[in-house]
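The structure appears right after this line, and notes come after that.
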Amino acid sequence: MSSVMSDREKKVRGMKVYGRDFRPQELWSGSSGCRYVYLLRATRANQKYLGLDRQQLDGVFADLGLQAPDVIEAAQLAERLVAAPYKQKPNPAARPEAIAHPARGVDLASLVNGTRLEKLISVEAFGLYWLTPPGGYADHIGQPVALLLFSRAGDLRDFASWNRMARRREDYTLLRFDSSSQIDREQDIRRLLNPLMAARPLKEESYYGSVHFIRSQLDTCPDHPFPRKDIGRSRYDPEGLAANADPPLDARQLALNLEARKAREAIRRSATEEGLTWLRRTYFTQSIDPMFMEPENGLAWFDETGARPVLRIAAGTQSPRKDREAIDQLTEVAVKGGKLPKHTIELMTFPIGGGFGGRDLSTFPVYLAMAALFSDTPVRLVFDRYEQFLCGIKRHAAVLQNELAYNAETGDLHSLHSTIYMDGGGVLNLTKPVVELCALHAAGPYAFKHNAISGYAISTDSAPAGSMRGFGIPQAAFAIESMIDEVGTTVGTKDPIEFRLKNNRLLKTGDVDVAGFQLRHHLDTERICTEAAKEPLWLEREAKRKEYEERGGGLVKYGVGFACSMQAIGTSGDAVFAEVSIDPKGEVTVRSTAIEMGQGSEHRWPSRRRRCSAGAPPGSCSESWIASTIRM
């Protein structure tokens with residue numbers, strides 16, 4: 001059997017490969033027993049959380065005949081590890097600086113069961129709280145308020161089934177909320193998702209950030225187009241003109257923003273003066289779950305049997321380096337405060353049953369590690385499909401308001417004006433780079449003379465949104481491809497591929513993108529379109545359509561469509577590197593930063609398990625190094 005995808009036989013035969021196949025005793029010698037973790041989640045985010053009704057909870061355990069679990073809430077978390085609330089990292093490049101939250105104005109260093117929470121730490125993947133404390137507002141529906149550590153797996157399943165049914169009732173009171181504190185969030189998801197309600201920039205406090213790409217060859221300022229070469233990718237904001245901005249704008253930034261505003265207005269004015277036609281459309285894409293085959297799962301054990309404690313984590317993940325760093329941030333405050341002994345973090349990863357971005361910067365490993373620190377045995381946290389749908393990372397819902405100016409006689413493209421709103425959910429996660437890539441690809445692979453594109457990442461109380469295959473580009477492609485087809489139809493071009501190939505409408509090597517950067521690499525879009533136009537599937541589409549209609553009495557429809565897209569690599573700023581070495585025996589070893597996610601990047605592992613430990617040298621655990629050996 002080929003060494004490529006060496007575990008495929010095990011997968012097909014149902015042998016132990018994936019993380020959920022294993023038990024602690026099979027991975028860690030000396031471990032015994034296991035606790036089973038359930039995350040009790042907030043059912044509301046627009047009302048102040050008052051706490052868990054422990055009396056009712058104990059009654060549920062008794063009625064179901066369950067062994068009562070350990071219950072870890074925000075107060076216990078503060079006593080054992082860290083303060084419950086924490087801040088997100090400010091981003092100097094984005095406007096505004098602050099991340100809004102319904103609890104804004106509430107003293108975050110407030111009292112929780114008599115403990116003053118003064119230490120706030122920064123983790124971008126989370127919202128305001130690790131566990132929502134009494135007196136706070138959950139960042140989003142589904143944010144954990146407590147960890148339940150069961151001693152028997154069956155007890156967890158029985159309670160989870162009861163809780164899912166009970167929370168559907170209007171009289172569900174296990175979690176207590178203050179109805180008098182209900183707030184009408186400016187960033188209500190309904191306003192974002194309904195195009196008929198004319199989605200518009202909301203209060204800037206509801207932004208996670210914004211990005212703007214304005215490019216014009218017009219002489220908007222004396223003797224030069226916008227942006228000038230000396231500006232490059234400098235951040236500018238055509239809306240950032242307020243004299244009382246927070247933080248205050250310096251004179252150079254204010255002048256740059258004003259120049260961007262003038263350039264945007266000049267592009268629109270030139271289209272009107274040239275008598276061009278405007279096509280205005282609003283597009284909506286919904287929130288989507290990655291729906292990978294294997295929901296998130298893992299094992300953890302705070303092992304104190306050796307000379308130095310080790311926090312052992314075993315999970316399927318796309319980003320082991322990021323996970324280890326987040327877990328380290330979880331424990332660093334407790335270690336410094338003497339609440340937790342100095343320890344090593346060891347992360348073991350498994351092949352995963354799909355990821356598609358939905359396991360990149362996931363909060364799952366942190367909650368898994370958190371539970372382990374409250375148990376004297378290993379713990380197991382396993383999501384089923386319900387849990388994954390409820391709280392897993394989603395593709396961003398988006399509203400794109402596009403205006404395209406073109407020549408109605410020739411079909412030549414003049415300019416694209418696009419305003420993009422993306423629902424980032426209740427946590428920052430990777431929303432900002434996703435919005436940046438969506439804006440960067442708003443014009444697709446088409447050569448517009450001018451563009452004015454703005455993207456806004458909006459905070460809502462919906463499920464966290466972040467990385468997912470395409471990384472913001474499918475939303476942009478759906479909008480621009482729909483418009484290009486419509487423009488082609490209005491100018492009388494029946495063949496969409498033919499329209500794209502005419503009059504240098506496609507970007508070529510040497511052209512510039514919407515950000516003004518020259519595309520020096522080879523572009524194959526034109527050749528791909530030419531080859532696609534020769535395909536029998538395309539050439540025979542009309543005949544097939546008529547054939548299906550006649551055969552089905554007009555009830556059966558047949559169609560073939562065509563669309564182009566451009567795709568950046570990662571966030572378009574990711575480094576890709578590899579190492580090739582040859583030893584004296586002629587053996588060639590290739591190491592790369594790919595991680596095996598079922599796509600075949602694994603090739604004869606020197607060691608089946610990958611470990612990423614604290615203090616490891618740079619690069620040794622970055623995205624799990626894969627080593628392939630080829631004998632010469």
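Predicted model only: the values in this text are computed from it and were never measured. Both backbone and side-chain heavy atoms feed into the values below; hydrogens, waters and symmetry mates do not.
Ring geometry, Trp301 versus Trp28: the interplanar angle falls from 30° to 60°, so the pair is classed tilted. In this structure, Tyr172 and Trp162 have tilted ring planes: the angle between them lies in the 30° to 60° band. Phe150 and Tyr38 have perpendicular rings, their planes meeting at more than 60° on a 0 to 90° scale where under 30° would count as parallel.
Closest approach of Val366 to Ala326, counting heavy atoms only: CG2-CB, 3.7 Å. Summarising the geometry of Lys394 relative to Met468, their closest heavy-atom pair is C-SD, 4.5 Å, with the distance given to 0.1 Å. When all heavy atoms of Asn163 and Leu40 are compared, the closest pair comes out as ND2-CD1, 3.7 Å. What you find for Met15 and Asp21 is that their closest heavy atoms are O-OD2, 3.6 Å. The two residues Ala442 and Ile420 come nearest to each other via the heavy atoms CB-CD1, 4.2 Å.
The salt bridge (charged side-chain N to carboxylate O under 4.0 Å, His left out) with Glu294 is formed by just one residue from the set Arg359, Arg385, Lys11; it is Arg359.
Not counting sequence neighbours, the partners of Asp524 by the salt bridge (charged side-chain N to carboxylate O under 4.0 Å, His left out) test are Arg527. Not counting sequence neighbours, the partners of Asp70 by the salt bridge (charged side-chain N to carboxylate O under 4.0 Å, His left out) test are Arg35.
Here Asp384 pairs with Arg164 in a salt bridge; the nearest charged N to carboxylate O distance falls below 4.0 Å. Taking the charged nitrogens against the carboxylate oxygens, Glu325 and Lys322 have no contact shorter than 4.0 Å, which rules out a salt bridge.
By the 6.0 Å contact criterion, CZ on Arg157 is open, its count of non-hydrogen atoms from other residues, nucleotides or ligands being 12 or less. Residue Arg308 places its CZ atom among more than 12 non-hydrogen atoms of other residues, nucleotides or ligands, all under 6.0 Å distant.
Contact of the Phe364 side chain with the Ile393 side chain is not registered, since no non-hydrogen atoms from C-beta on lie closer than 4.5 Å.
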